Amino acid sequence: MGRRFLAGWCVAIAAAWFVPAGAAGQSQVAAEDWTVSRTAWGDPDFEGTWSFATITPLERPERYAGRDRLTAEEVTALNADALTRGDQPPPPGDPGAYNAFWFDRGESTGRTSLIVDPPDGRIPFTTAGSARRDARRALLRRPAHGPEDRTPGERCTHHTKAGPPMSAGGYNNHVRLLQAPGYVVVWTEQNHDARIVPLDGRPRIADPIRQWMGDSRGRWEGDTLVVETTNFNGKAAYQGTADGMHLVERFTRTAPDAIRYEYTVSDPETYTRPWTASIDLQPMDGDLYEFACHEGNYGMEGILAGARADERKAAAR
């Protein structure tokens, strides 16, 4: 480990202890009267704890085809449903999950999809990409032969909320942004994954080295933080991608209480063209909580035990 990298890591961890959680985005100043605050070294200040929770789906549902916005009545109904979803008894054969109290789904953005390009709000899969995604989904519909058949999240190796890109779900939709001279840290609550993003223009890691979260490099374009990530290992299988996924994330402070998070995904093996999604991060009070997944992962034990029980039941018929 190089001394420059180690020094950056130490500064970033120190920032985690001394920067007040939720410090960013608390101003009530109107957006039109507001200017981006700066760090002591002059970069736009993004530090704080933020939420990317939303019930707006990534892709536009077919029932909203041709529409990019919801009506006010539709938004109200969707938000009300999100508050109580999970309180109803599960269907026969389904053990159920938490009730609504334990979820933090967020609200509708008012859009019909997080995808803003292509205009139809859908992921432009190639034939091979669609087949790869469907094959992975098929594994989840049959009894698991082993843990490798289950999702990386169930195996506690990687979570889609951490990404990159960050993806909303039922809970743990929180991220802490930390800054130090020459570095930004994107620290997500789910699985406590921290990406340390250097901003000094250093070369990327060698192409044969592949990682779950890829290799990120950042730069400033005006007041927008641009993070470009390559060298994925493909095992996270984000939306059917292979190891050739190329990701560009953009963080832009648009108001005292908002950061626009926009990302563009490219992978010629999986998509016919790049596609882009966008969501606003909202400030939150408090800090991140421990996400202890590996410790006693009895969920995986139960999944595999249930699969073996199903097999014994089928063999006894």
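Note that this is a predicted model, so its numbers are computed, not measured.
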(message) Here's one to test your reading of the geometry: is the NZ or CZ of K161 within 45 degrees of the ring axis of F52 and under 6.0 Å from its centre?
(response)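 Here K161 fails the 6.0 Å and 45° test against F52.
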(message) Quick check: F291 with H159 (ring centres under 6.0 Å apart)?
(response)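 Under 6.0 Å, so yes.
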For the side chain of [X] and the backbone of [Y], is there at least one donor-acceptor N/O pair under 3.5 Å apart?
X: D215; Y: I205; value: yes
X: Q211; Y: T230; value: no
X: D149; Y: H145; value: yes
X: D43; Y: T39; value: no

Please enumerate all residues that pass salt bridge (charged side-chain N to carboxylate O under 4.0 Å, His left out) together with [X], with sequence neighbours excluded.
X: E74; answer: R67
X: D87; answer: none
X: R136; answer: none

How far does [atom1] of [X] sit from [atom2] of [Y], to the nearest 0.5 angstrom?
X: R105; Y: T56; atom1: CZ; atom2: OG1; answer: 14.0 Å
X: E47; Y: S37; atom1: CD; atom2: OG; answer: 9.5 Å
X: F101; Y: N99; atom1: CZ; atom2: CG; answer: 8.0 Å

(request) Mind running side chain to side chain donor-acceptor pair (under 3.5 Å) on T252 and T224 for me, showing each step along the way? (result) CA-CA 5 Å; T252 306; T224 295; 2.8 Å; yes
Linking I/L/V/M/F/W/Y whenever their side-chain heavy atoms sit closer than 4.5 Å, directly or via other members, would [X] and [Y] fall into one cluster?
X: I279; Y: V227; answer: yes
X: I196; Y: L178; answer: yes
X: W220; Y: L177; answer: yes
X: L58; Y: M166; answer: yes
X: M245; Y: W212; answer: no

(request) State whether a side-chain donor-acceptor pair under 3.5 Å links R155 with H158. (result)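 No, because no side-chain N or O of R155 sits under 3.5 Å from a partner of the opposite role on H158.
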(request) Scan side-chain atoms only and decide if R69 and T112 contain a donor-acceptor pair under the 3.5 Å cut-off. (result)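 R69 vs T112: no donor-acceptor pair found between side chains.
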Salt-bridge contact [X]-[Y] (side-chain N to carboxylate O under 4.0 Å):
X: D120; Y: R122; value: no
X: D223; Y: R38; value: yes
X: R204; Y: D207; value: no

Could you report the tightest heavy-atom contact between [X] and [Y], atom names first, then the distance?
X: P124; Y: W275; answer: CD-CD1, 3.7 Å
X: N297; Y: C156; answer: ND2-SG, 3.4 Å
X: M213; Y: R195; answer: CE-CG, 3.6 Å
X: W34; Y: R253; answer: CH2-CG, 3.3 Å
X: I123; Y: Y271; answer: CG2-CE2, 3.4 Å
X: P119; Y: D117; answer: CD-OD1, 3.8 Å

Find out whether [X] and [Y] are in side-chain contact, i.e. whether some heavy atom of one side chain is under 4.5 Å from a heavy atom of the other.
X: I115; Y: T276; result: no
X: F46; Y: I259; result: yes
X: F232; Y: P164; result: yes
X: R60; Y: D68; result: yes
X: S130; Y: R133; result: yes
X: V265; Y: P274; result: no

(message) Can you tell me which residue among T49, D104, D287 is in a side chain to side chain donor-acceptor pair (under 3.5 Å) with H174?
(response)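 That would be D104; it is the only one of T49, D104, D287 passing the side chain to side chain donor-acceptor pair (under 3.5 Å) with H174.
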(request) Please say which of T126, T270, T241 ends up in a side chain to side chain donor-acceptor pair (under 3.5 Å) with R132. (result)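 Among the candidates, only T270 passes.
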Distance-only check: which donor-acceptor pairs under 3.5 Å involve side-chain atoms of residues 310-317, not counting sequence neighbours?
residue	atom	partner	partner atom	Å
E311	OE1	R308	NE	2.8
E311	OE2	R308	NH2	2.8

Counting only heavy atoms not in [X] (residues, nucleotides, ligands), do more than 12 fall under 6.0 Å from its [atom1]?
X: E221; atom1: CD; result: yes
X: E290; atom1: CD; result: no
X: W102; atom1: CH2; result: no

(message) Run D280 and R260 through salt bridge (Lys or Arg N to Asp or Glu O under 4.0 Å) and show every step you take.
(response) CA-CA 4 Å; D280 283 348; R260 175 66 48 81; 2.3 Å; yes
(request) Check each of R250, R217, R219 against E228 using the salt bridge (Lys or Arg N to Asp or Glu O under 4.0 Å) test, and report the only one that passes. (result)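 Answer after filtering R250, R217, R219: R219.
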(request) Among Ile, Leu, Val, Met, Phe, Trp and Tyr joined by side-chain contacts under 4.5 Å, find the other residues sharing a cluster with L78 and list them by chain and number. (result)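 Via sub-4.5 Å side-chain contacts, L78 links to I55, Y64, L70, V75.
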(message) Suppose clustering is done on Ile, Leu, Val, Met, Phe, Trp and Tyr with side-chain heavy atoms closer than 4.5 Å. Which residues sit in the same group as M300?
(response)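 Direct or chained contacts put M300 with L304.
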(request) Please determine which of Y261, W50, Y263 meets the ring pair (Phe, Tyr, Trp, His ring centres under 6.0 Å) test together with F251. (result)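 Only one of Y261, W50, Y263 forms a ring pair (Phe, Tyr, Trp, His ring centres under 6.0 Å) with F251, namely Y261.
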(request) Walk me through it: do E189 and N172 pass the test side chain to side chain donor-acceptor pair (under 3.5 Å)? (result) CA-CA 6 Å; E189 186 169 48; N172 290 120; 3.1 Å; yes
